[in-house]
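Note sheet for the following structure.
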Amino acid sequence: MARKAYPRRARVTGTLLLLVALGAAGCTGDPAAEDSPDAKPAGGEATTAQAEPGKYQTLPQPCRAVETGTLDAMLPGLAQLDQEQRQKAYEGTSSVTYDSDRRTGCRWKVDSADAGHLLRIDFERVVSYSASVSDDARAQAVYGDRMKEAELPLPSDPREEQPERRADDSAKADRDETRATAPADDEAGQGASPEAPEKPGNGKDGKEGKEGKEGKEKEAGKSEEPADETADPSAPAEGLEPRLLQELADDAFIDDQLTTSSSGSGQRTVTVVFRTSNVIVTVEYEAQPKQVAEVPDSASMQEKARELAGLLAERLSDV
C-alpha cells in the first residue's frame, strides 16, 4: 500500500520563525548604552577637543576707524587745505590686501609748510589652522614676533618668577625670625662701655669737624665725573624709550625711532602695536620737519599715537 505524503509547510514555517527571532535578538541593543557619553565611537578612536575660535570674525573699516578730529590733531597740514582737498584727505587710502577679512589698513599723508606727516593703521585678524592651537594663542605668538622685530624684551612668565619670589620671601622671614629670637643685651651685666677717645677734629667747638667736613665735600666735588656728552641724540628721553604698555588691550608696546640726515633734520617714527584677542593692530605715526636741524618732538608724537591706539581698541570692542 502506498504511503501517504504530508506537506512540509509546518516544518518550514517553524524554521523561519526561529531565524526571525534570532535576527531580532541580534539587532536589539541597549539604548542606554548607546546614549551614554562614555560610549566609544566605532573603531575605538578617541575624539580630539577643538581649540576655541577667536573673539573676532570680522574687522572694522580702517579708513572710517579714525575720527576727523583725531586726523586734524595728528596731521596739522589739513588745516592748510581748502574744503574740497580736506574732505578728500579725510578719506585716506586703503591698503592693498589679498583678504579683507583677514587684514585691512589705511594711510593718510598730508604735507604742510613746516613738516610732512604720515599716519598708517593696520588690522590683522589671526586665524590658527591647527585644531590644538586657539586663534588667541596664535595671535600671541605673532605679537611676540613683532616684539622681537622691535628688539623689545619678551614679557617674563609670572610662573617662572614665582619660585624666586617665594625664596626671597622665605629668606626675609628667616632673617626677621632670627632678629626676633636673638637674646637682648644684658645692660646690667655688660655695664657702661668705656668712653671712646675724642677724634681729632671732633672737639666741642666743632670748628675742626666743620672744616674737615667741608674739605671732604670739596674733594668729593672734584672727584665727580662730568656729564656724559656722548649720549646718542637720536635716543628718546628717559621714560619715552621703546617699552611695554601695560594699560592698553591684552598686550601692547610702543617703539620710537629717529633717523637723522646729514643736515641735522630728523624723521621720527612712533609705532604702537597692541593685541586684543585674535586681532593685532598697528598704529604708525611719522613726522619729518622741513627746517634744517629740526627734530620732531617725541613726547607729543607718542601721546597722540597712544591716544589713537586706545580709541581703536574701544572701536574693536564694538565689532
Side-chain angles (χ1 to χ4, degrees), residues 50-75 78 89-110 117-130 133-150 152 154-155 158 242-257 269-287 300-319:
Q50 296 290 328
E52 294 184 1
K55 176 181 178 181
Y56 299 101
Q57 302 300 318
T58 60
L59 293 173
Q61 294 291 335
C63 292
R64 300 178 183 178
V66 184
E67 300 292 340
T68 57
T70 302
L71 292 174
D72 289 336
M74 302 185 74
L75 307 172
L78 287 171
Y90 282 148
E91 296 176 1
T93 303
S94 299
S95 302
V96 178
T97 60
Y98 295 100
D99 188 353
S100 59
D101 288 335
R102 292 285 305 278
R103 190 160 194 169
T104 60
C106 191
R107 61 192 296 271
W108 297 263
K109 188 177 187 304
V110 180
H117 291 83
L118 171 66
L119 174 63
R120 184 180 68 87
I121 63 174
D122 180 87
F123 295 93
E124 180 181 2
R125 185 173 66 90
V126 181
V127 177
S128 172
Y129 294 101
S130 174
V133 180
S134 66
D135 292 347
D136 284 23
R138 177 58 186 158
Q140 193 169 10
V142 174
Y143 170 82
D145 293 339
R146 298 291 302 274
M147 288 186 61
K148 291 179 182 179
E149 293 174 2
L152 284 171
L154 292 175
R243 62 198 181 279
L244 302 180
L245 301 176
Q246 304 294 339
E247 73 282 1
L248 178 61
D250 296 330
D251 299 295
F253 70 85
I254 187 170
D255 192 16
D256 190 324
Q257 299 296 328
T269 303
V270 174
T271 306
V272 177
V273 179
F274 69 88
R275 179 189 70 87
T276 173
S277 186
N278 62 318
V279 172
I280 298 176
V281 182
T282 302
V283 175
E284 187 175 286
Y285 185 34
E286 179 182 305
S300 175
M301 292 185 63
Q302 287 195 22
E303 181 181 3
K304 293 176 181 179
R306 290 179 61 181
E307 288 181 357
L308 174 57
L311 294 174
L312 295 178
E314 295 178 359
R315 192 176 188 88
L316 270 176
S317 62
D318 299 332
V319 173

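For the numbers below, each heavy atom of this structure counts, side chains included, while hydrogens, waters and symmetry mates do not.
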Review point. Looking only at heavy atoms, what is the nearest atom pair of Pro242 and Asp256, with distance?
Key: CG-N, 3.9 Å
**Study point:** Between CG on residue Leu311 and CZ on residue Arg306, distance to nearest 0.5 Å
**Key:** 13.0 Å
**Study point:** Straight-line distance of Thr70 OG1 to Leu312 CG, nearest 0.5 Å
**Key:** 8.5 Å
Point to revise | Other residues, nucleotides, ligands: >12 heavy atoms within 6.0 Å of Arg64 CZ | key: no
Check your understanding: Do you know which two heavy atoms are closest between Ala309 and Val272, and how far apart they sit?
Key -> CB-CG1, 3.7 Å
Practice item. List the atom of Ala313, the atom of Leu248, and the distance in Å for their closest heavy-atom pair. Key: CB-CD1, 4.2 Å
Point to revise | Check: Val66 and Trp108 side chains under 4.5 Å, non-hydrogen atoms | key: yes
Check your understanding: Any side-chain heavy atom of Thr282 within less than 4.5 Å of one from Arg120?
Key -> yes
Check your understanding: Is there a donor-acceptor pair under 3.5 Å between the side chain of Tyr90 and the backbone N or O of Glu67?
Key -> no
Review point. Do Val127 and Arg138 touch side chain to side chain, with heavy atoms closer than 4.5 Å?
Key: no
Exercise for review: Specify the closest pair of heavy atoms between Leu59 and Ser100, including all atoms of both residues, with the distance to one decimal.
Suggested key: CD1-O, 4.1 Å
Review point. Do the side chain of Tyr285 and the main chain of Lys304 share a donor and acceptor less than 3.5 angstrom apart?
Key: no
Review point. Would you say the side chain of Ile121 lies within less than 4.5 Å of the side chain of Leu308, judging by non-hydrogen atoms?
Key: yes
Check your understanding: Do side-chain atoms of Asp122 reach the backbone of Gly105 as a donor and acceptor pair under 3.5 angstrom?
Key -> no
Practice item. Taking the side chain as every heavy atom from C-beta outward, state whether Gln257 and Asp255 have any atom pair closer than 4.5 Å. Key: yes
**Study point:** Leu71 side chain reached by Val110 side chain, heavy atoms, under 4.5 Å
**Key:** no
Point to revise | Within-4.5 Å side-chain heavy-atom neighbours: Asp251 and Met147 | key: no
Point to revise | Straight-line distance of Gln302 CD to Ile254 CD1, nearest 0.5 Å | key: 4.0 Å
Check your understanding: Would you call Leu316 and Pro60 a side-chain contact if the rule is heavy atoms closer than 4.5 Å?
Key -> yes
Exercise for review: Would you sort out whether Leu152 and Arg243 count as a side chain to side chain contact (heavy atoms under 4.5 Å, CB included), showing the intermediate values?
Suggested key: CA-CA 7 Å; Leu152 284 171; Arg243 62 198 181 279; 5.6 Å; no
Practice item. Classify the side-chain pair Asp135/Ser128 by whether it contains a donor and acceptor separated by less than 3.5 Å. Key: no
Check your understanding: Would one find more than 12 heavy atoms of other residues, nucleotides or ligands at under 6.0 Å from atom CD of Gln57?
Key -> yes
Exercise for review: First locate atom OG1 of Thr276, then atom NZ of Lys55, and finally report the distance between them rounded to the nearest 0.5 Å.
Suggested key: 5.5 Å
Review point. Taking all non-hydrogen atoms of both residues, which atom of Arg275 and which atom of Ala249 are closest, and how far apart?
Key: O-CB, 3.4 Å
Check your understanding: Step by step, would you call Thr269 with Glu284 a side chain to side chain contact (heavy atoms under 4.5 Å, CB included)?
Key -> CA-CA 7 Å; Thr269 303; Glu284 187 175 286; 3.8 Å; yes
Check your understanding: So Glu286 and Arg107, salt bridge (Lys or Arg N to Asp or Glu O under 4.0 Å) or not? Walk me through it.
Key -> CA-CA 11 Å; Glu286 179 182 305; Arg107 61 192 296 271; over 6 Å; no
Review point. Does Arg125 pair with Asp101 as a salt bridge, N-O distance under 4.0 Å?
Key: no
